[in-house]
Amino acid sequence: TNDQGSQLTQLVEHGTATYISSPQVVSEYMGLQWFRGFPNGTHYIEVINATDPIYGSPYQTSQIANRSVEWLKGLNDSKPFFVYLGPHAPHVPASPAPWHEDAFEGIQAPKTINYNVSSPNKARHIRQNPPINDLLECWIDQHMRDRWASLLSVDDMVVAVHNTIRDMGRLDNTYFIYTSDHGYHLGQWTIPREKEHAYETDIRVPFLISGPGIPKQSVLGDMAGAVDLLPTILDLAGLEIPSGVDGKSFAKRLTSQDTETVPARDRLLIEFEATSTQDNGFIK
């Protein structure tokens with residue numbers, strides 16, 4: 001989060017998470033400070049050795065992957081577990097790992113039908129944007145390459161965690177959920193980069209789930225959002241969903257594929273406190 005230290009300290013104080021190993025400054029891809037929280041309620045800041053870093057590199061996504069694998073290997077084989085991995089990639093500055101930084105040379109950002117389209121009839125923060133020139137287009141393409149390259153380390157992390165759980169013999173009773181917090185503009189409506197608008201580019205996210213009872217390669221076309229994750233996870237785990245939860249579980253539609261008798265969400269409110277186009281500042 002943007003208030004990482006405070007939020008992590010609260011997790012420890014309230015006993016919400018039994019173990020935490022997280023970057024202290026989430027936007028630092030090569031950050032050396034890591035927040036460590038433990039089941040006994042204690043916490044401290046670990047400082048990685050810059051010249052001889054643990055796990056070979058301070059690169060954030062790789063650190064998260066290695067720390068998570070180490071934690072998983074120390075678990076009791078029969079005890080249920082929940083692990084949350086939240087790398088900053090591919091958020092700005094979208095710094096790839098050194099070993100992946102040239103992976104997508106020559107790739108360009110997709111030129112969608114609304115790429116670099118001026119919109120005089122839209123809201124002020126959209127219509128005021130100048131057209132994208134050659135220099136800015138070059139930057140957008142490089143940003144696209146960096147984002148993709150940074151995601152290769154996320155792929156490495158997913159493989160490492162999946163294979164660790166497989167080696168533990170826990171694949172048959174473990175759910176994997178892969179998603180993101182928002183979509184992204186890359187030149188659409190002349191916005192070079194942004195995520196805070198009510199357009200499809202911003203609100204659509206990857207949303208993949210695998211686990212017991214979910215048919216392989218099935219596609220569920222339901223409307224769902226991040227707010228629905230908590231009740232869905234509780235439902236899949238066979239736990240009671242508190243009455244005050246905002247979201248709606250779609251677990252039964254996932255596992256039974258019963259799209260007739262189990263109702264789906266038919267609306268979802270999208271809100272953001274402030275919006276911007278990065279180049280033109282924030283508008284409340």
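Residue indices begin at 1 and follow the sequence shown.
L136 approaches P192 most closely through the heavy-atom pair CD2-CG, 3.6 Å. In terms of heavy atoms, A224 sits closest to F250 at CB-CE2, 4.0 Å. Nearest heavy-atom pair, R147 versus A94, reported as atom, atom and distance to 0.1 Å: CG-CB, 3.8 Å. Between V12 and G41 the shortest heavy-atom distance is CG1-O, 3.3 Å. Y29 and P90 get closest at one heavy-atom pair: OH-C, 3.7 Å.
M157 and W34 fall within a single hydrophobic cluster, where Ile, Leu, Val, Met, Phe, Trp and Tyr are joined by side-chain heavy atoms under 4.5 Å apart, directly or via other members. Taken together through direct or relayed side-chain contacts under 4.5 Å among Ile, Leu, Val, Met, Phe, Trp and Tyr, I48 and Y44 form part of one hydrophobic cluster. One hydrophobic cluster, built from ILVMFWY side chains closer than 4.5 Å, cannot hold both I214 and L239; they sit in different ones. V117 and I126 fall within a single hydrophobic cluster, where Ile, Leu, Val, Met, Phe, Trp and Tyr are joined by side-chain heavy atoms under 4.5 Å apart, directly or via other members. Both Y175 and F207 are part of a single hydrophobic cluster, where members link through side-chain heavy atoms under 4.5 Å apart.
Relative orientation of the F35 and H43 rings is parallel, given thresholds of 30° and 60° on the angle between their planes.
When atom types are taken as modelled, the side chain of D202 and the backbone of E196 share a donor-acceptor pair closer than 3.5 angstrom. Judged purely by atom type and a 3.5 angstrom limit, Q63 uses its side chain to pair as donor or acceptor with the backbone of I54. Here the side chain of Q24 pairs no donor or acceptor atom with the backbone of Q4 at under 3.5 angstrom. Between the side chain of K111 and the backbone N or O of A109 there is at least one donor-acceptor pair closer than 3.5 Å. With hydrogens and angles ignored, the 3.5 Å screen pairs no side-chain donor or acceptor of S119 with any backbone N or O of R127. In this structure a side-chain-to-backbone donor-acceptor pair under 3.5 Å is missing from E46 to R36.
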Assess the residue pair W139 and R193 against the criterion (side-chain contact (heavy atoms from CB on, under 4.5 Å)); give the C-alpha distance rounded to whole Å, side-chain angles, the decisive distance to 0.1 Å, and a yes or no.
CA-CA 10 Å; W139 183 91; R193 61 176 176 94; 3.1 Å; yes
Take Y84 and I20 through the test side-chain contact (heavy atoms from CB on, under 4.5 Å) and record every step on the way to the result.
CA-CA 10 Å; Y84 173 87; I20 301 172; over 6 Å; no
Does the salt bridge (Lys or Arg N to Asp or Glu O under 4.0 Å) test come out yes or no for K248 and D235, once each step is laid out?
CA-CA 10 Å; K248 179 182 178 65; D235 211 356; over 6 Å; no
Are V227 and L268 close enough, and set up right, to give a side-chain contact (heavy atoms from CB on, under 4.5 Å), and what steps lead you there?
CA-CA 10 Å; V227 70; L268 187 67; 4.3 Å; yes
Go through L220 and I209 one step at a time and tell me if the side-chain contact (heavy atoms from CB on, under 4.5 Å) criterion holds.
CA-CA 10 Å; L220 190 63; I209 303 180; over 6 Å; no
Under the ring-ring contact (aromatic ring centres under 6.0 Å, His included) criterion, do H182 and H91 qualify, and how do the steps go?
CA-CA 10 Å; H182 54 75; H91 284 74; 5.0 Å; yes
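Environment of CZ in R166: crowded, with over 12 heavy atoms of neighbouring residues, nucleotides or ligands closer than 6.0 Å. Counting non-hydrogen atoms of neighbouring residues, nucleotides and ligands closer than 6.0 angstrom, the CD atom of E105 exceeds 12 such neighbours. Around the CG atom of D134, the shell of radius 6.0 Å holds no more than 12 heavy atoms that belong to other residues, nucleotides or ligands. The environment of D172 atom CG is sparse: at most 12 non-hydrogen atoms of other residues, nucleotides or ligands sit within 6.0 angstrom. Counting non-hydrogen atoms of neighbouring residues, nucleotides and ligands closer than 6.0 angstrom, the CH2 atom of W148 reaches no more than 12 such neighbours.
Contact of the Y59 side chain with the S153 side chain is registered, since non-hydrogen atoms from C-beta on lie closer than 4.5 Å. Within the 4.5 Å cutoff, the side chain of L186 has heavy atoms near those of the Q188 side chain. Counting only heavy atoms from C-beta outward, the side chains of E137 and N116 never approach each other to under 4.5 Å. Side-chain contact between V69 and N66: absent, with no pair of heavy atoms (C-beta onward) separated by less than 4.5 Å.
Atom-to-atom distance recorded for S249:OG and R265:CZ is 11.0 Å, nearest 0.5 angstrom.
Taking the six-membered ring wherever Trp is involved, the centroid distance between the rings of H143 and Y184 falls below 6.0 Å.
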